[in-house]
> 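So that we are looking at the same thing, I have put the structure below in structure tokens.
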Amino acid sequence: MADIFTPWQMKDLAIPNRLVRSATWEGLADADGAPTHELINALADLAEGGVGLIITGYAYIAPEGLGLPKQTGVHIDALVGPLTRISDAVHKAGGLVAMQIVHAGGQTKSKWIGQKPVGPSALVNPAFGEEVAEMSLMQIEDTIEAFAMAAARVKAAGFDAVQLHGAHGYLINQFLSQATNQRTDDYGGTPAKRARFAYEVLAATRQAVGPRYPVFIKLNSEDFVEGGLTLEEGVAVAQGLSQRGIDAIEVSGGGPAAGKLSPSRVVKEAADEGYFLPNAVAIKKVVSCPVICVGGWRSRSEVEKALDQVDAVALSRPFIRQPDLANRWKAGEEKATCISCNQCFSVGMKQGLGCGQELKKQEKEQG
Ligand SMILES: Cc1cc2nc3c(=O)[nH]c(=O)nc-3n(C[C@H](O)[C@H](O)[C@H](O)COP(=O)(O)O)c2cc1C
């Protein structure tokens, strides 16, 4: 069994332990996409709680790429100043912070973005039910450039790394998956052509941030929808990204269209934990970068076992309920108290990042 509290490296970035806060949409930005005090405080709390690396909730790289209301933006230069307040606060609290950047593609609503959602192909998005407009080659080029410019802003705002969102049915994943990509040009068809968008986003991002800045990805290993990305295809994409210089891969799977096989599954007992570990291990075999496994980690001992096979683990829901979980595990506690009720999603919509069980308790106490 490996020790959770040993350091590791993502490129030149020395990360003090093997626990990562996986990207978690906070619903705590203002209408312009700028972080509120609540968001900055929540991320500083996580740093104080001892987690090795914090990944922010997904931040949108272009206005039409927004995925949910009250989402943080990184689409304009004017946000560099406000975003710097996040990195300053996390660093002051002794932590490290990466920003996850995303284009939602067809996985959004026209009422939120003020136009028809765009994606690789003109299909109805299976999760959001809206018709998607097929991106032109010029739109694809502009979007690759928008990822690169957003990454440059992340670096300028003092973040320690940038994470591309290549999972959960968002735009990069939409290109990878035959279920959402039926293009007949160089961006669709064979698995290699479907991966081209992801590879070009990585290349443009690398160009924008330079060779030493850590660029990593959260990647679907498998979509769990009919006609979607298979594990074999997911492993090949991971290998392709590794060959092209990605600095780490966080392995996930599924998306809003995957039903029970979603990225945020129900975890009742130890056997339910780490549900993407087999996929992460398959990817670890073919890449030369560190592999982070996300999905359902709840017990210190299960994480310790997993660390024999992957480099780090990432958690989302347990850190919403217990931002100091890393320090608790360091002090010898065994289990997170998260019950994976997934009410955090509706709390986020209502009032911003919070635990449904905690909210219930508070409401009861207040009578
Ligand atoms: C409220 C909420 C918001 C989330 N937002 C994001 C996000 O912005 N980006 C992302 O990649 N995953 C997001 N996820 C998925 C988590 O990062 C994670 O992959 C998933 O919940 C499984 O990990 P867990 O069992 O530790 O929660 C979110 C999950 C929750 C519960």
Side-chain angles (χ1 to χ4, degrees), residues 58 60-62 64-67 100-108 113 116-128 130-148 150-151 162-206 215-244 246 249-258 263 283:
Y58 65 169
Y60 59 101
I61 58 142
E64 76 284 1
L66 173 139
Q100 185 187 62
I101 60 175
V102 72
H103 190 300
Q107 219 162 248
T108 187
I113 60 170
K116 200 168 173 176
V118 298
S121 295
L123 300 163
V124 173
N125 183 273
F128 281 66
E130 277 196 45
E131 206 179 288
V132 172
E134 178 176 312
M135 291 169 81
S136 67
L137 285 176
M138 198 186 278
Q139 279 175 308
I140 292 178
E141 246 175 62
D142 287 349
T143 305
I144 292 168
E145 181 65 15
F147 267 106
V162 64
Q163 186 185 56
L164 306 171
H165 197 343
H168 306 172
Y170 295 102
L171 188 65
I172 292 177
N173 191 180
Q174 283 160 33
F175 270 94
L176 293 175
S177 172
Q178 198 152 36
T180 38
N181 181 355
Q182 289 169 9
R183 299 181 75 94
T184 52
D185 59 12
D186 286 345
Y187 290 94
T190 62
K193 285 183 172 179
R194 281 185 268 124
R196 181 174 166 172
F197 181 74
Y199 296 158
E200 290 188 355
V201 168
L202 172 60
T205 299
R206 174 62 71 209
V215 178
F216 65 126
I217 191 165
K218 187 164 182 177
L219 185 68
N220 256 25
S221 51
E222 202 173 346
D223 285 345
F224 307 108
V225 295
E226 214 186 310
L229 194 77
T230 63
L231 177 59
E232 194 186 335
E233 290 174 348
V235 169
V237 175
Q239 187 174 32
L241 289 164
S242 172
Q243 287 162 347
R244 288 165 178 80
I246 200 87
I249 299 177
E250 181 184 353
V251 178
S252 190
I283 283 176

> Can you tell me how far the CZ atom of Arg194 sits from the CD atom of Gln182, to the nearest 0.5 Å?
10.0 Å

> With a cut-off of 6.0 Å (strictly less than), are more than 12 heavy atoms of other residues, nucleotides or ligands near CD of Glu134?
yes

> When you measure from the side chain of Gln107 to the backbone N and O of His168, does any donor-acceptor pair fall under 3.5 Å?
yes

> Would you give the length of the straight line joining atom NE2 of His103 to atom CD of Glu64, rounded to the nearest 0.5 angstrom?
4.0 Å

> Tell me, with the steps shown, if Val162 and Val215 meet side chain to side chain contact (heavy atoms under 4.5 Å, CB included).
CA-CA 5 Å; Val162 64; Val215 178; 4.0 Å; yes

> In a check of side chain to side chain contact (heavy atoms under 4.5 Å, CB included) between Phe175 and each of Arg196, Lys193, Met135, which one passes?
Met135

> Could you walk me through whether Ile101 and Leu164 pass the side chain to side chain contact (heavy atoms under 4.5 Å, CB included) test, one step at a time?
CA-CA 5 Å; Ile101 60 175; Leu164 306 171; 3.9 Å; yes

> Are the side chain of Asn181 and the backbone N or O of Leu176 linked by a donor-acceptor pair below 3.5 Å?
no

> Can you name the closest pair of heavy atoms from Val118 and Leu171 and give their distance?
O-CD1, 4.5 Å

> Considering all heavy atoms of both residues, which atom of Ala104 and which atom of Gly67 are nearest to each other, and what is their separation?
CB-CA, 3.7 Å

> Which pair of heavy atoms, one from Ala204 and one from Ala148, lies closest together, and at what distance?
O-CB, 3.4 Å

> Can you give me the closest heavy-atom contact between Ala167 and Leu219, atom names plus distance?
CB-C, 3.9 Å

> Taking Val201's backbone N and O only, do any of them form a donor-acceptor pair with Thr205's side chain (distance below 3.5 Å, no angle check)?
yes

> Just by distance, do the side chain of Ser221 and the backbone of Ser252 share a donor-acceptor pair under 3.5 Å?
yes

> What is the distance from atom CD of Gln163 to atom CD1 of Ile217, rounded to the nearest 0.5 Å?
8.0 Å

> Please walk me through it: do Arg183 and Ile140 pass side chain to side chain contact (heavy atoms under 4.5 Å, CB included)?
CA-CA 12 Å; Arg183 299 181 75 94; Ile140 292 178; 3.6 Å; yes

> Got Glu145 and Glu141 here, is their nearest side-chain heavy-atom distance under 4.5 Å?
no

> Let me confirm one number: the OG1-CD distance from Thr190 to Glu233, rounded to the nearest 0.5 Å.
10.0 Å

> Fit a plane to each ring of His165 and Tyr170, take the angle between them on a 0 to 90° scale, and name the class: parallel (under 30°), tilted (30 to 60°) or perpendicular (over 60°).
tilted

> Is there a donor-acceptor pair closer than 3.5 Å between any side-chain N or O of Thr143 and the backbone N or O of Gln139?
yes

> Between atom CD of Gln174 and atom CG of Asn220, what is the distance when rounded to the nearest 0.5 Å?
11.0 Å

> So, for Ile113 and Leu66, which heavy atoms are closest and what is the spacing to 0.1 Å?
CG2-O, 3.7 Å

> If only atom types and distance count, is the side chain of Glu130 paired as donor or acceptor with the main-chain N or O of Pro117 below 3.5 Å?
no

> Looking only at heavy atoms, what is the nearest atom pair of Pro256 and Ala127, with distance?
CB-CB, 3.5 Å

> Return the CZ to CZ distance between Phe197 and Phe147, rounded to the nearest 0.5 Å.
5.5 Å

> Go through it in stages, so that I can follow the logic: the residues are Tyr199 and Leu241, the test is side chain to side chain contact (heavy atoms under 4.5 Å, CB included), and I'd like the CA-CA distance, side-chain angles, deciding distance and then a yes or no.
CA-CA 7 Å; Tyr199 296 158; Leu241 289 164; 3.8 Å; yes

